[in-house]
Amino acid sequence: TKFIGVSMMYQTQMEYAELIAKYVRQKYPNIKHIAGGGVVVGSPEDIRRLCGVYDYVCAGDGEQTLLDIIENKSVETIPNLLFSTSQGGVQYERPANCDIKTLPTPDFSWANMDLYARTRIEKMSLFYQATRGCSYGKCTFCCRISSIMFKYRRKSKEAIQNDLTQ
């Protein structure tokens, strides 16, 4: 099975991501679609909307969730996974966070650095994530504040230094 994944941080990205997903599904109907990102903890309407477009929706940390999907584990047992049931409902397995301190150093060996994103001052730019969650954690309007999956976590200074020097 082949997969395509999309990450959406904000609701404003949902419409465009859905258009792309629908286009890809028309061209490649056998590819499984996986969505994730910050938007997944939104309203129940947004979650139902996502489950109507994507085969699987990951809420929270996705490293283990993606591996479980790719390894063809039973979706009913995969943490952080939302998916439509045959009855039209949405099933959600228990939330589980990975220990950010145990994540391996990112492997960028696949990236052709000559083609990769450049900043305004023409230096190479790659994304590196040393923290997860919200370090502020006090906004009463935020739907993520009460969610255990968005509690602030960070790698140690030594792990960050090791990752960036490799």
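No experiment lies behind these values; they were computed from the predicted model shown.
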Legend entry - Val75 side chain reached by Tyr56 side chain, heavy atoms, under 4.5 Å: yes
Inset, instruction - Starting at CD of Gln64, measure out to CD1 of Ile69 and round the result to the nearest 0.5 Å. - result: 10.5 Å
Legend entry - Backbone N/O of Cys58 and side chain of Asn80: donor-acceptor pair under 3.5 Å: no
Legend entry - Leu82 versus Ala59, closest heavy-atom pair with distance: CD1-CB, 3.6 Å
Legend entry - Pairwise side-chain contact, Lys32 with Lys2, heavy-atom cut-off 4.5 Å (strictly under): no
Legend entry - Shared hydrophobic cluster for Ile78 and Leu67 (ILVMFWY, side-chain gaps under 4.5 Å): no
Legend entry - For Glu63, all residues meeting salt bridge (Lys or Arg N to Asp or Glu O under 4.0 Å), sequence neighbours excluded: Arg132
Inset, instruction - Measure across Met8 and Ala17 and return the closest heavy-atom pair with its distance rounded to 0.1 Å. - result: SD-CB, 3.4 Å
Legend entry - CD (Gln161) with more than 12 external heavy atoms under 6.0 Å: no
Inset, instruction - Using distance alone, with no hydrogens and no angle criterion, decide if Asn162 and Glu158 have a side-chain donor and acceptor under 3.5 Å apart. - result: no
Legend entry - Gly37 to Ser7 - nearest heavy-atom pair and separation: CA-OG, 3.7 Å
Legend entry - Any side-chain heavy-atom pair of Ile34 and Asp55 under 4.5 Å: no
Inset, instruction - Return yes if some donor-acceptor pair links the side-chain N/O of Arg25 with the main-chain N/O of Ile20 below 3.5 Å, else return no. - result: no
Legend entry - Shared hydrophobic cluster for Tyr16 and Tyr54 (ILVMFWY, side-chain gaps under 4.5 Å): no
Legend entry - Val24 and His33, any side-chain heavy atoms less than 4.5 Å apart: yes
Legend entry - Approximate separation, where rounding is to 0.5 Å, of Lys101 NZ and Arg153 CZ: 10.5 Å
Inset, instruction - Identify, with sequence neighbours excluded, every residue that meets side chain to side chain donor-acceptor pair (under 3.5 Å) alongside Thr105. - result: Asp163
Inset, instruction - Kindly write out the residues that satisfy side chain to side chain contact (heavy atoms under 4.5 Å, CB included) with Leu19, not counting sequence neighbours, or none if the list is empty. - result: none
Legend entry - Distance, nearest 0.5 Å, that separates OG1 of Thr131 from CZ of Arg154: 9.5 Å
